[in-house]
Amino acid sequence: MQGKVAVVTGAARGIGAAIAERFAAEGARVVAADMDPMAGDAVVGRIKQAGGEGRFVACDVTRRDQVAALMDHAIAAYGSLDVVCANAGIIHNTPFLELDDETFDRVVAVNLKGVFYTGQEAARRMVERGIAGKIVNTASVNAVIVPQGLAAYNASKGAVNQLTKTMAVELAPHGIRVNAIGPGSVATDLFRSAMLTDPEAMDRLRARTPLGRPADPAEIAGAALFLATDDSAYFTGQTIYPDGGRLALSHVMPKG
């Protein structure tokens, strides 16, 4: 990715931070976007300390004007827009019968409309400049399987998969490739605080994950890197699942 310009949303922590740092390590000039300036600045600080180039931009992906300004900022700062990762997302655990309109709308606004705004604003600028760019959306194994209590999240991630396919088909004539990553369980800071202190929860995770562990965010970043480079030149409209084998498993793993 030497010399490429990459925008990553939801880049202040977790998967987004890992993607931003990996892209920078591979030579990209990275614009890290998030609603948390302190954490976002910390990510950019680590990028620069490692010898990379990056900057932080505060952005609410549910606001089209802010997403448009983000893309314009990247172009003004670095002169191009080669890779965009629509990674920003939220999750909310509520039983289906108790899920209210406000919560549903908020999850869908970030997880689906945010991907739509990010992809459309990026693609418009790529087309205007004749850039054969790459767009990588963050979906989830929850687009396929259904953990209980996550109706809004599951629905939003399923829609991201279909949006990814639609974008890929319509943008292919412009040379723009669009794919998605669908992670399984990932050991983010939130995951570590919630799961690693709960032996029963970890046992359940191991039972449904053939590799027997959550992913490190850096492992998900590796999948995003593949889709953002010419190593995946014949991939478009695909969702790849770094999930430790979870979707391949029809039951549970034996204890041992």
Side-chain angles (χ1 to χ4, degrees), residues 1-2 4-34 43 54 59 61 67 70-71 74 80-89 110-127 131-143 156-172 174-184 186 188 215 217-243:
M1 296 189 71
Q2 190 66 44
K4 300 295 185 182
V5 178
V7 171
V8 183
T9 68
R13 54 180 52 82
I15 294 171
I19 291 173
E21 292 181 49
R22 180 64 186 274
F23 282 6
E26 297 290 337
R29 293 167 287 175
V30 175
V31 178
D34 202 279
V43 171
C59 180
V61 297
V67 175
L70 169 66
M71 302 305 164
S80 188
L81 185 63
D82 302 296
V83 177
V84 172
C85 286
N87 171 75
V110 177
N111 293 4
L112 178 57
K113 188 176 282 188
V115 171
F116 166 62
Y117 285 163
T118 301
Q120 190 179 66
E121 293 296 333
R124 285 174 173 172
R125 287 156 179 77
M126 291 173 179
V127 170
I131 298 170
K134 290 90 173 175
I135 298 173
V136 182
N137 299 326
T138 299
S140 170
V141 291
N142 289 37
S156 69
K157 293 302 186 178
V160 167
N161 275 3
Q162 197 70 354
L163 179 60
T164 297
K165 293 177 182 178
T166 303
M167 292 168 62
V169 170
E170 296 200 25
L171 295 176
H174 301 286
I176 298 170
R177 295 192 295 105
V178 187
N179 294 287
I181 49 176
V186 183
T188 61
E219 294 173 308
I220 310 303
L225 178 68
F226 168 69
L227 294 175
T229 67
D230 288 340
D231 283 347
S232 60
Y234 205 56
F235 280 69
T236 199
Q238 304 296 310
T239 300
I240 61 174
Y241 293 97
D243 67 351

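Annotation: side chain of Arg177 is in contact with side chain of Ser232 (closest heavy-atom distance under 4.5 Å). Residues Val61 and Tyr117 are not in side-chain contact: their nearest non-hydrogen atoms beyond the backbone lie 4.5 Å or more apart. Between Ile240 and Asn179, every side-chain heavy-atom pair lies at or beyond the 4.5 Å cut-off. Residues Ile135 and Met126 meet the side-chain proximity criterion, which asks for heavy atoms closer than 4.5 Å. The side-chain heavy atoms of Lys4 and Thr229, taken from C-beta on, include no pair separated by under 4.5 Å. Put simply, the side chain of Arg22 does not reach to within 4.5 Å of the side chain of Ile220, judged on heavy atoms. Using a 4.5 Å heavy-atom threshold, the side chains of Asp82 and Ile131 count as touching. For the pair Asn137 and Val178, the minimum side-chain heavy-atom distance is below 4.5 Å.
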Worked check of side-chain contact (heavy atoms from CB on, under 4.5 Å) between Thr188 and Arg13: CA-CA 8 Å; Thr188 61; Arg13 54 180 52 82; over 6 Å; no
Candidate pair Lys134 and Asp230, rule side-chain contact (heavy atoms from CB on, under 4.5 Å), full reasoning: CA-CA 9 Å; Lys134 290 90 173 175; Asp230 288 340; 3.3 Å; yes
Audit row: Met1, Leu225, side-chain contact (heavy atoms from CB on, under 4.5 Å) steps and yes/no: CA-CA 9 Å; Met1 296 189 71; Leu225 178 68; 3.5 Å; yes
Chi angles and distances behind the side-chain contact (heavy atoms from CB on, under 4.5 Å) call for Thr9, Leu70: CA-CA 10 Å; Thr9 68; Leu70 169 66; 4.1 Å; yes
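Shortest non-hydrogen contact noted between Ala74 and Val31 is CB-CG2, 3.8 Å. Scanning all heavy atoms of the two residues, the minimum distance from Thr138 to Lys157 falls at O-NZ, 3.0 Å. For Val43 against Ala17, the heavy-atom pair with the smallest separation is CG2-CB, 3.8 Å. Of all heavy-atom pairs between Gly182 and Tyr241, the closest is O-CD2, 3.2 Å. Closest of all the heavy-atom pairs between Met167 and Gly119 is CE-CA, 3.7 Å. The heavy-atom pair separating Pro183 from Val186 by the smallest distance is CB-CG2, 3.8 Å.
Atom CD of Gln238 is separated from atom CG of Asn161 by 10.5 Å, given to the nearest 0.5 angstrom. To the nearest 0.5 Å, the span separating CD on Gln120 from OG1 on Thr118 amounts to 10.5 Å. A distance of 10.5 Å separates CG in Asn111 from CG in Asn142, rounded to the nearest 0.5 Å. Annotation: the span from Cys85 atom SG to Ile15 atom CD1 amounts to 11.0 Å, rounded to 0.5 Å.
Using modelled atom types, one side-chain atom of Asn87 and one backbone atom of Gly10 make a donor-acceptor pair closer than 3.5 Å.
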